[in-house]
Undergrad: 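To start, I am sharing the structure in question, which I have written as structure tokens.
Worth knowing before you read on, the calculation uses all heavy atoms, side chains too, and leaves out hydrogens, waters and symmetry mates. Just so it is clear, the model here is predicted, and its values are computed rather than measured.
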Amino acid sequence: NTVFTNCLGVRLENNIQLNRNGDDTTKTTKLYKRRWFIVLLFSSYSLCNSFQWIQYGIINNIFMRFYGVGSFTIDWMSMIYMLTYIPFIFPVTWLLDKKGLRIIALVATAMNCAGTWIKVTSVRPDLFAVTMLGQFCCSLAQVFILGMPSKIASVWFGSEEVSTACSIGVFGNQLGIAIGFLVPPILVPNVEDMDQLAYHISIMFYITAGVATLLFLLVVIVFQERPELPPTQAQATARCIPPEQYSYTASILRLLRNKPFLLLILTYGLNVGCFYAVGTLLNRMIIEHYPGEELNAGRIGLTIVIAGMVGSLICGIWLDRTKTYKQTTLAVYLMSFVGMLVYAFTLSLGHLWVVFLTAGALGFFMTGYLPLGFEFGVELTYPECEGTSSGLLNCSAQVFGIIFTICQGKIIDNYGTLAGNIFLCVFLFIGSVLTGTADPLTFLREETLLFT
């Protein structure tokens with residue numbers, strides 16, 4: 001449930017706002033050292049939350065046996081993150097605009113902390129409903145977390161530091177998913193004795209709850225709404241704009257009339273939805289062909305995420321230098337399709353090292369697509385608020401993530417992993433075709449001329 005923010009949008013806003021406000025009005029600005037602690041604290045509690053997205057799914061078979069439920073039920077422990085996002089993202093984005101960073105950070109960490117302690121009380125085979133409630137609280141906290149990096153970057157950082165600040169914020173989320181793949185199989189081995197299994201599960205839950213509590217207390221004590229003096233002229237001007245001049249509803253309606261952006265919503269949702277499905281069902285796919293390899297299933301998930309972080313970094317640098325949004329997006333989309341195809345046909349060969357290689361290649365391109373989609377979205381939707389456009393893109397990803405996870409899970413149950421992975425390949429191919437045939441840059445040029 002991963003998620004990159006619109007760093008480029010904040011950077012463009014800073015640059016263009018300066019040009020709009022001309023020239024004679026210079027306000028006092030200052031950069032505070034505290035800004036780095038603020039973004040690192042955010043990155044830490046984002047990590048703690050995203051870790052819990054996959055902590056059940058990556059040891060699916062173990063939790064199935066402990067709680068006495070089916071694999072589809074455990075899949076919902078991951079999909080609840082996607083489902084909760086869809087109805088709550090727009091009211092939460094509105095709250096972020098109206099109430100500011102500190103209130104949103106307090107609610108996010110409080111919900112995350114509450115969810116972890118609820119899970120601590122659920123370590124009994126007859127208390128699955130309680131552990132689901134805890135996961136729901138954590139999934140609700142995620143909605144408050146995902147929209148914050150770009151806001152923190154614009155409120156606290158100078159225009160030359162925005163990309164770095166966004167990257168740190170996003171890095172926490174990705175690192176949390178990586179740890180979520182790696183750590184649960186280590187802390188919760190597949191032992192036969194139910195009392196011993198309950199002990200291992202409780203250790204994992206207690207560690208998570210302890211970290212979440214510490215982060216909540218830190219946010220209460222030190223997280224600040226905004227610096228006393230703004231970091232940029234753009235922020236100084238933004239502080240003077242009355243809130244009633246901005247209409248959140250009107251902004252959403254304008255975005256929904258933007259045809260190239262609607263196409264991007266569709267193609268972005270197809271790609272990222274496939275990634276969510278692969279992450280959620282990874283344990284089931286690996287265990288089917290490599291029984292008893294829960295630990296390696298986690299390591300393969302880690303490989304996917306780490307390779308994706310490298311891909312995201314390389315794609316971001318490439319875009320900064322070339323500005324070839326459509327060409328780069330199409331190339332990465334096509335390679336995601338090829339990577340999924342290779343992964344599908346090599347999974348059952350019986351060699352785990354091959355799975356590590358193909359999964360790494362898949363993660364490099366599929367996760368590398370995430371920042372491309374967001375930056376392309378910013379290019380297509382400026383001067384709309386980047387939080388609104390990123391919310392729509394993420395909402396599409398969650399919808400397709402739920403659909404693909406359910407469908408692929410059912411296909412795997414009835415026809416095997418190869419058929420399930422080919423199912424995803426079909427939609428990645430459709431997304432590649434749609435990306436290649438559209439020309440959203442024509443719209444962008446027209447809007448730029450109109451704006452100027």
Side-chain angles (χ1 to χ4, degrees), residues 1-7 9-10 42 45-46 49-50 52-53 76 78-101 103-112 115 135-154 166 169-170 172-174 176-177 246-258 261-262 264-273 275-276 280 370-371 373-378 380-381 384-405:
N1 103 11
T2 114
V3 178
F4 282 84
T5 52
N6 309 12
C7 309
V10 183
F42 165 79
Y45 71 74
S46 176
N49 180 263
S50 61
Q52 296 173 80
W53 167 58
W76 270 109
S78 298
M79 289 191 287
I80 191 68
Y81 264 62
M82 307 175 208
L83 183 64
T84 307
Y85 187 90
I86 297 166
F88 287 105
I89 178 55
F90 298 110
V92 168
T93 303
W94 179 84
L95 279 174
L96 180 60
D97 287 337
K98 295 295 181 182
K99 300 298 182 182
L101 287 170
I103 295 296
I104 298 299
L106 285 170
V107 174
T109 50
M111 292 294 297
N112 192 56
Q135 187 74 341
F136 170 74
C137 289
C138 295
S139 71
L140 191 56
Q142 174 219 209
V143 186
F144 287 84
I145 290 170
L146 291 186
M148 289 186 69
S150 58
K151 188 78 171 179
I152 290 173
S154 63
C166 278
V170 169
N173 184 277
Q174 293 297 296
I177 296 173
Y246 172 72
S247 171
Y248 183 64
T249 305
S251 176
I252 291 178
L253 291 175
R254 283 193 297 271
L255 289 175
L256 293 178
R257 290 193 295 266
N258 182 334
F261 182 64
L262 289 178
L264 180 63
I265 287 176
L266 175 61
T267 56
Y268 181 86
L270 291 172
N271 190 297
V272 182
F275 169 71
Y276 288 161
T280 302
L370 295 173
F374 274 110
E375 295 206 7
F376 205 1
V378 172
L380 292 173
T381 60
E384 301 297 342
C385 173
E386 68 278 356
T388 310
S389 60
S390 66
L392 287 168
L393 288 172
N394 276 327
C395 196
S396 171
Q398 314 302 326
V399 171
F400 280 109
I402 292 172
I403 294 170
F404 288 164
T405 301

Undergrad: Where is the tightest heavy-atom contact between Gln135 and Gln52, given as atom of each residue plus distance?
TA: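 What the structure gives for the nearest pair is NE2-O, 2.9 Å.
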Undergrad: How long is the straight-line distance from NZ of Lys99 back to CD1 of Ile104, given to the nearest 0.5 Å?
TA: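 One finds 9.5 Å between CD1 of Ile104 and NZ of Lys99.
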Undergrad: List the residues meeting side-chain hydrogen bond (donor to acceptor under 3.5 Å, both in side chains) with Ser139, not counting sequence neighbours, and say none if there are none.
TA: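 Partners of Ser139 under the side-chain hydrogen bond (donor to acceptor under 3.5 Å, both in side chains) test: Thr84.
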Undergrad: Check the pair Phe261 / Leu393 against side-chain contact (heavy atoms from CB on, under 4.5 Å), numbers first and verdict last.
TA: CA-CA 9 Å; Phe261 182 64; Leu393 288 172; 4.1 Å; yes
Undergrad: For the side chain of Thr405 and the backbone of Ile402, is there at least one donor-acceptor N/O pair under 3.5 Å apart?
TA: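 Side chain of Thr405 to backbone of Ile402: no pair is present.
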Undergrad: If I take atom CD1 from residue Ile177 and atom CG from residue Asn49, how far apart are they, to the nearest 0.5 angstrom?
TA: 10.0 Å
Undergrad: Nearest 0.5 Å please: distance from the CZ atom of Phe136 over to the CE atom of Met111.
TA: 6.5 Å
Undergrad: Carefully, step by step, assess Trp76 and Met82 under the rule side-chain contact (heavy atoms from CB on, under 4.5 Å).
TA: CA-CA 9 Å; Trp76 270 109; Met82 307 175 208; over 6 Å; no
Undergrad: Roughly how far, to the nearest 0.5 Å, is the OH atom of Tyr276 from the CD atom of Gln398?
TA: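 If I round to the nearest 0.5 Å, the distance is 4.5 Å.
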Undergrad: Under a plain distance cut-off of 3.5 Å, with no hydrogens placed, do Gln142 and Asn112 share a side-chain donor-acceptor pair?
TA: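 No donor-acceptor contact under 3.5 Å links the two side chains.
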Undergrad: Under the criterion side-chain contact (heavy atoms from CB on, under 4.5 Å), I'd like the reasoning laid out for Leu101 against Phe42: C-alpha separation, chi angles, the key distance, then a yes or no.
TA: CA-CA 10 Å; Leu101 287 170; Phe42 165 79; over 6 Å; no
Undergrad: So, for Phe88 and Tyr85, is the gap between ring centers shorter than 6.0 Å?
TA: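 No, too far apart.
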Undergrad: So which atom in Ile86 and which in Ile89 form the shortest heavy-atom distance, rounded to 0.1 Å?
TA: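 Looks like O-CG2, 3.6 Å.
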Undergrad: Take Phe400 and Leu266, measure what side-chain contact (heavy atoms from CB on, under 4.5 Å) needs, and give me the verdict at the end.
TA: CA-CA 9 Å; Phe400 280 109; Leu266 175 61; 3.6 Å; yes
Undergrad: Hey, could you give me the OG/CG distance between Ser396 and Leu264, rounded to the nearest 0.5 Å?
TA: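 Spacing of OG (Ser396) from CG (Leu264) equals 9.0 Å.
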Undergrad: Using a 4.5 Å cut-off on heavy atoms from C-beta on, say whether the side chain of Leu256 contacts that of Leu262.
TA: yes
Undergrad: Of all the heavy-atom pairs spanning Ser50 and Gly176, show the shortest one and how long it is.
TA: OG-CA, 3.2 Å
Undergrad: Could you give the distance from CZ (Phe90) to CG (Leu392), rounded to the nearest 0.5 Å?
TA: 4.5 Å
Undergrad: Show the nearest heavy-atom pair for residues Cys137 and Gly115, with the distance to one decimal.
TA: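 Closest pair (atom of Cys137, atom of Gly115, distance): CB-CA, 3.7 Å.
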